[in-house]
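Lettering of chains follows the sequences in order, A, B, ..., and the numbering in each one begins at 1.
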Protein chains: 2
Amino acid sequence: MNIQFKKGVLELCVLSMLLERDYYGYELVEHISKHIDISEGTIYPLLRRLKTDGFVKTYLEESQEGPPRKYYTITEEGKKACDELIFEWNHFVQGVNTIIKGDRHE
Amino acid sequence: MNIQFKKGVLELCVLSMLLERDYYGYELVEHISKHIDISEGTIYPLLRRLKTDGFVKTYLEESQEGPPRKYYTITEEGKKACDELIFEWNHFVQGVNTIIKGDRHE
DNA sequence: TTTAGTATCTTGCATTGCAAGGTAGCATAG
DNA sequence: CTATGCTACCTTGCAATGCAAGATACTAAA
């Protein structure tokens, strides 16, 4: 898989998943990697950035299967950012597809 | 426009345009920027990379409207790379859309 | 005790897009 | 002749982000 394609898109993926319910980091990796290759070394720094930007909040919860889990909740600001990212993403994909399909109205 | 989205995709855009006919650098910027924001400081290093990788060849042609133009022609290797990139791109977009549309079959 | 699975995190590197700037040819306006 | 503007090429250094590799620690089973 082309690493570069993912730049900026993973943020969108995480935020839109959090729109549905709270997730913990490891769980996000598991789900996202069903569709896109992703590693833990990517997700944890990304989650930290999202928290710094105020797009998510966190809380800890104990687990019977291992160490405690840090859950992420999306904030109102995060929802706005997510909406905007989805809009930009759709617009971008359309632009790229227009270019690669040779539809240059010339 | 989200800068990160573009990472790796511009290579795909340039190669697929060259599939159709030869272009010179400035012309590529003009056409691509109809659909996606792009600057010259991006395209020239990219074209150099494509040449280094053997995906394109170049030749010069004089112009009545300014300095000589450097035209780019896609090579057989470039065509193969382009095919693969288009395949990966479509697959990637599908994966992302599945994630952001909440279609997680759970 | 060791292995494996879950779950968190960090460091340093590679890639690539961009702003800002430079060079140069041609044409037109002043 | 000079200045401006458009065409067309290029470079440098910076910013962003994904990853490999590694560290830590809890639980459970071999």
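Protein atom CD of B:E62 is 12 Å distant from nucleotide atom P of C:dG25, rounded to whole Å. Atom CG of A:D22 and atom C1' of C:dA7 are 17 Å apart (whole Å). Per the geometry, CG belonging to B:D53 stands 12 Å off C1' belonging to C:dT15, to the nearest Å. Rounded to whole Å, the distance from NZ on A:K6 to P on C:dT15 is 15 Å. Between the CG atom of B:L10 and the P atom of C:dT16 there is a distance of 11 Å, given to the nearest Å. Following rounding to the nearest Å, B:I43 (CD1) and C:dA19 (C1') show an atom-to-atom distance of 16 Å.
Bounding nucleotides for the chain B contact on DNA chain D, 5' to 3', at a heavy-atom distance below 4.0 Å, are D:dT7 to D:dT17.
With sequence neighbours excluded, the residues forming a salt bridge (Lys or Arg N to Asp or Glu O under 4.0 Å) with B:E27 are B:R21, listed by chain and number. Applying the side-chain hydrogen bond (donor to acceptor under 3.5 Å, both in side chains) criterion to A:D22, with sequence neighbours excluded, gives A:Y59, A:T73. By the side-chain contact (heavy atoms from CB on, under 4.5 Å) test, B:V29 is found to be paired with B:I38, B:E40, B:I43, residues two or more places apart in sequence or in another chain being considered.
Between A:G8 and A:G66, the residue anchored closer to the 5' end of DNA chain D is A:G8, taking for each the nucleotide with the nearest heavy atom. Remark on DNA chain C: of its neighbouring residues A:S63 and A:K7, the 5'-side contact belongs to A:S63, judged by nearest-heavy-atom nucleotide. Nearest-nucleotide positions on DNA chain D place A:I3 closer to the 5' end than the other of A:E65 and A:I3.
The distance from atom CE of B:M17 to atom CD1 of A:I100, rounded to the nearest 0.5 Å, is 12.5 Å.
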Exercise for the section: For side chain to side chain contact (heavy atoms under 4.5 Å, CB included), just list the numbers for A:E77 and A:K80, CA-CA rounded to whole Å, side-chain angles, deciding distance to a tenth of an Å, and then say yes or no. Expected result: CA-CA 5 Å; A:E77 250 190 275; A:K80 274 186 206 167; 5.8 Å; no

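The only member of A:L50, A:T52, A:L46 that meets side chain to side chain contact (heavy atoms under 4.5 Å, CB included) when paired with A:R48 is A:T52.
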Fill in the blank from the handout: Protein heavy-atom contacts under 4.0 Å, written 5' to 3' over nucleotides 8-13 of chain C as B (base), S (sugar-phosphate only) or - (none), form the string BBB---

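B:N2 comes within 4.0 angstrom of no nucleic acid atom, judged by non-hydrogen atoms across all strands. When heavy atoms are screened at a 4.0 angstrom cut-off, A:L46 is found touching no nucleic acid atom at all.
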Hey, can you pull the donor-acceptor pairs under 3.5 Å for the side chains in residues 2-12 of chain B, sequence neighbours left out?
from : atom 1 : to    : atom 2 : distance (Å)
B:N2 : OD1    : B:Q4  : N      : 2.9
B:Q4 : OE1    : B:K7  : NZ     : 3.3
B:K6 : NZ     : B:D37 : O      : 2.9

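Hydrophobic clustering of Ile, Leu, Val, Met, Phe, Trp and Tyr side chains at less than 4.5 Å, counting indirect connections, keeps B:L60 apart from B:L28.
The backbone N or O of A:Y72 lies less than 3.5 Å from no partner atom in the side chain of A:T58, so there is not a single donor-acceptor pair.
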